[in-house]
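Here is the structure we will look at, set down as structure tokens.
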Protein chains: 2
Amino acid sequence: MSAWTPPPPGRHVYEYPRPAVAVDCVVLGLDTDDLKVLLIRRGVDPWKGAWALPGGFVGEREGLEAAARRELVEETGIGEVFLEQLYTFGEPDRDPRHRVISVAYYALAKLSDFKLTAGTDAAGAGWHPLSKLPALAFDHATIIDAAVARLRGKVRYAPIGFELLPPRFTLTQLQRLYEIILERELDKRNFRKKILSLDLVIETDEKQTGVRHRAARLYRFDRKKYDRLVKHGFEFAI
Amino acid sequence: MSAWTPPPPGRHVYEYPRPAVAVDCVVLGLDTDDLKVLLIRRGVDPWKGAWALPGGFVGEREGLEAAARRELVEETGIGEVFLEQLYTFGEPDRDPRHRVISVAYYALAKLSDFKLTAGTDAAGAGWHPLSKLPALAFDHATIIDAAVARLRGKVRYAPIGFELLPPRFTLTQLQRLYEIILERELDKRNFRKKILSLDLVIETDEKQTGVRHRAARLYRFDRKKYDRLVKHGFEFAI
DNA sequence: TCAAAAGTGTTAAGCGTACACCCATGA
DNA sequence: TCATGGGTGTACGCTTAACACTTTTGA
């Protein structure tokens with residue numbers, strides 16, 4: 001940036017070839033027993049017909065996160081989700097035709113809010129388990145790996161897991177969430193003790209419904225309290 | 001693969017003005033009792049004469065990290081340092097004249113290897129303590145904040161602190177490093193116990209020199225062993 | 001009444017924390 | 001010999017980890 005020099009006379013900076021700038025979104029959702037990622041089917045070349053991350057080019061006067069949210073709504077109908085910048089991918093040959101730099105974002109969605117059909121739907125969008133992803137366009141498999149690594153790293157030190165659950169959840173659901181993301185089993189009693197000792201997950205007087213065994217109590221995450229504690233130096237940790 | 005080709009005639013995405021893509025580098029170094037950042041003086045408008053991060057535009061067929069390393073060498077003479085992508089800043093108005101998206105990197109340098117004069121030198125580069133930064137060009141103050149936050153967060157879970165020290169260091173130097181970065185005092189005995197228990201910092205038979213009190217033993221970080229442990233699931237933590 | 005998951009306490013080991021004095025060295 | 005930092009151990013409290021049975025509910 002600091003090395004920018006004015007374009008020489010007679011030429012304008014816009015005459016130089018510049019990379020195109022895109023955003024791509026890795027939307028992760030939690031299913032019964034695995035994480036899923038939302039993919040769309042590409043309708044145009046290159047990689048026509050392949051599965052790809054939702055995304056697209058950044059508008060001329062549009063912020064990066066704004067572009068990511070716009071693409072998410074346009075291509076998948078998803079709005080109002082947790083969205084965070086992940087990494088910027090800019091290898092010169094990641095797009096076979098011309099230089100495209102992609103600012104990747106990852107989003108955490110409550111799967112229940114976005115029930116697409118299991119594989120593919122009319123709009124060409126579908127949830128795919130991370131364990132069996134189809135062939136993906138461009139370097140999108142790498143981008144997904146980075147998103148999952150970020151989630152795994154961050155879920156233990158930040159209360160982002162709740163973004164994957166409905167507003168009211170059982171402690172067992174929460175435990176399953178950590179087990180799925182961290183890929184290891186947790187002890188039920190120790191988990192509950194730990195979670196409840198943080199005093200950020202508070203019990204409601206509601207119970208689980210539509211279940212054919214003893215109904216569990218529903219809890220909710222107290223974000224206001226969390227925000228307050230963070231201001232005083234509190235650090236969340238599981 | 002294929003080189004960039006000029007836009008074909010007619011309506012095409014490439015006719016639209018595109019953001020320029022730059023890289024900026026936050027180079028952090030550890031001084032006796034604070035962290036310093038390497039700034040250069042801008043020679044051109046906008047912000048002519050202001051201090052700014054080293055950086056510049058990404059070449060047409062150049063990777064992002066490659067661009068960051070190139071700018072670092074060109075503008076400060078620094079090569080061969082720890083360098084990691086930080087965040088991409090793309091607010092539409094961050095550059096007053098035209099759209100520039102900047103992929104920020106942060107680097108950790110051994111200050112001793114790059115002794116510039118305390119404030120400014122001939123080349124217009126200088127180390128500035130984070131506690132009294134001059135007025136900075138563009139949103140560079142924000143970028144520096146992000147770099148420091150990343151360092152603070154990461155230093156506890158990854159052995160990146162060593163990048164700020166010479167290859168042989170005393171345990172007191174290492175402790176000071178953590179104290180400066182984390183902004184809190186640590187207990188000497190507990191710190192040593194903890195560090196040595198990780199078994200990644202190993203004692204050499206050398207001693208500190210040029211010091212007017214008892215010379216401390218020098219240690220080194222065993223990166224090979226660390227890499228080996230990481231493969232088996234080990235997690236570094238201070 | 002059975003199947004399925006909810007809910008609940010105790011103990012032992014390991015880890016973090018607090019704390020103070022003698023030692024080696026160069027000026 | 002003095003000033004400066006180097007180097008060392010122990011005790012206490014808290015956190016983590018291991019572990020199994022009873023309860024509730026709907027089918």
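Protein chains get the first letters and strands the later ones, always in sequence-line order, with residue 1 at the start of each. Source: prediction; values computed, not measured.
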Q | Parallel, tilted or perpendicular: ring planes of F138(A) versus W47(A), cut at 30 and 60 degrees | A | tilted
Q: Measure from the ring center of Y87(A) to the ring center of F89(A) and say whether it is less than 6.0 Å.
A: yes
**Q.** Pairing of E203(A) and R192(A) as salt bridge, 4.0 angstrom limit
**A.** no
Q.
Using a 4.0 Å heavy-atom cut-off, does K194(B) contact any base of the nucleic acid, only the sugar-phosphate backbone, or nothing at all?
A. sugar-phosphate
Q) Closest nucleotide of DNA chain D for R217(B) versus for R212(B): which of these residues is on the 5' side? A) R212(B)
Q) Counting side-chain heavy atoms from C-beta on, which of dC19(D), dA6(C), dG7(D) comes nearest to N190(A)? A) dC19(D)
Q. Side-chain donor or acceptor of K193(B) under 3.5 Å from a matching atom on the base of dG16(C)?
A. no
(Q) Could you check whether the side chain of R214(A) and the base of dT23(D) have a donor-acceptor pair of N or O atoms closer than 3.5 Å, going by distance alone? (A) yes
Q. Does a side-chain N or O from R192(A) land closer than 4.0 Å to OP1 or OP2 of dG7(C), or not?
A. yes
Q: Take atom CD of E185(A) and atom P of dA18(D), then tell me their distance rounded to the nearest Å.
A: 12 Å
Q: Measure from CG on L171(B) to C1' on dG6(D) and round the result to the nearest Å.
A: 10 Å
**Q.** Along DNA chain D (nearest heavy atom to each residue), the more 5'-positioned of K207(A) and R189(B)
**A.** R189(B)
Q.
What is the separation between atom CG on L186(B) and atom P on dC19(C), rounded to the nearest whole Å?
A. 15 Å
Q) How many Å lie between CG on L196(B) and P on dC15(C), as a whole number? A) 15 Å
**Q.** Distance in angstrom units between Y178(A) OH and dT16(D) C1', rounded
**A.** 17 Å
Q | Electrostatic pair E206(A)-R217(A), nearest N-O below 4.0 angstrom | A | no
Q | Between dC21(D) (P) and K188(A) (NZ): distance, integer Å | A | 14 Å
Q: Rounded off to whole Å, could you give me the CG-to-C1' distance for the D187(B) and dG9(D) pair?
A: 12 Å
Q. The side chain of H213(B) lies closest to which of these nucleotides: dT8(C), dT17(C), dT25(C)?
A. dT25(C)
Q. Can you check the F191(A) CZ to dG7(C) C1' distance for me, whole Å?
A. 14 Å
**Q.** N or O in side chain of T172(A) less than 4.0 angstrom from dA6(C) OP1/OP2
**A.** yes
Q.
Using 30° and 60° as the class boundaries, would you call the ring planes of F162(A) and F221(A) parallel, tilted or perpendicular?
A. parallel
